[in-house]
Amino acid sequence: MSAAGDPVAVRVFVPGQPIPMPSRHPVPDLLAARRVLAIQPHYDDNDIGAGGTLALLVATGAEVVYCTVTDDLVGVVDDTLDATAAAAALRRDQAAAGQAIGVSRQVRLGYPDAGAWDRFAVRADLLRVIREVRPDAIFTVDPWLPTEAHRDHRETGLVAAEAAILFGLPRLPGSDPGVDAAWVADRGPDLRYVAFYHAGVANTIVNIDATWERKAAAVSEYRAQFEPHELPMLVDALDERAQAVARLAGEGFSGRRAEGLRVLHPGALHGGA
Ligand SMILES: [Zn+2]
């Protein structure tokens, strides 16, 4: 027990009031990215979660590549379609939505939607994709959203975040030795940041007024996964949310609609740095 006047060795704070620890990494500049890889569990997550921001990056000259982890077949509403026809319908939707956003390329990993996929197999594929695309920014779902119940979302966000901090280690193989060898010879730019959408805690609010129509058009293309009457309801719900997020940004923020992201330097994704 310390006596009066002793230096304080331990200070206990009020239970239930956690103290955020400082990070030595400043919040990265979102719009500085030139090549973006957006990794999503299902075909529509990037557009629903960050379509306005991704379209804005395209407008500033960035190249945007999408990578979808699962085959998304569970979400197809027309149960008369066989797997081949359902996959074709999803690809059509994604191509049309990608055109609205300005996506340059779609990479599909094809793991079973809501199924038993192995995180290490997905990680090896993501190492391959990251080493091939050589992005300076990665977008993905926030795996730390406290109420996220969908395993595909939690696992995709976690595996993508882990791949983002490990892809620079050449001893860790990706799923294609040829890609690994080419990447070792020419590694491309440093990764500036990982941006998490569907974020539980945001540190960046993005004005998407200029690209809202593109996001709405992209989301409206997901006809295989939503009944016709559901799509306008989804767009309305996203509109309402975008306006609520813009209001959160407070005074001086000019946007009417916004997306909230948690943008982290890769160094902030390991060891409390
Ligand atoms: Zn999803």
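Hydrogens, waters and symmetry mates play no part in the numbers below; they use all other heavy atoms, side chains included. Read the numbers this way: they start at 1 and go in the same order the structure lists the ligands and their atoms.
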Exercise. Between the side chains of Y197 and N46, does any donor sit under 3.5 Å from an acceptor?
Worked result: yes
Problem set entry | D239 and W212 side chains, donor-acceptor separation under 3.5 Å | no
Exercise. Are R108 and T70 close enough that a side-chain donor and a side-chain acceptor fall under 3.5 Å?
Worked result: no
For this session: Decide whether F196 and V69 are clustered together by the hydrophobic rule: side chain heavy atoms of Ile, Leu, Val, Met, Phe, Trp, Tyr closer than 4.5 Å, transitively.
Result: yes
Seminar exercise, completed: Near the Zn ion (ligand 1), meaning under 2.8 Å, the protein N/O/S atoms are H42 ND1, D45 OD1, D45 OD2, H153 NE2
Exercise. Between the side chains of D47 and Y66, is a donor N or O closer than 3.5 angstrom to an acceptor N or O?
Worked result: yes
Problem set entry | Listed partners of H265 passing ring pair (Phe, Tyr, Trp, His ring centres under 6.0 Å), at least two apart | H25
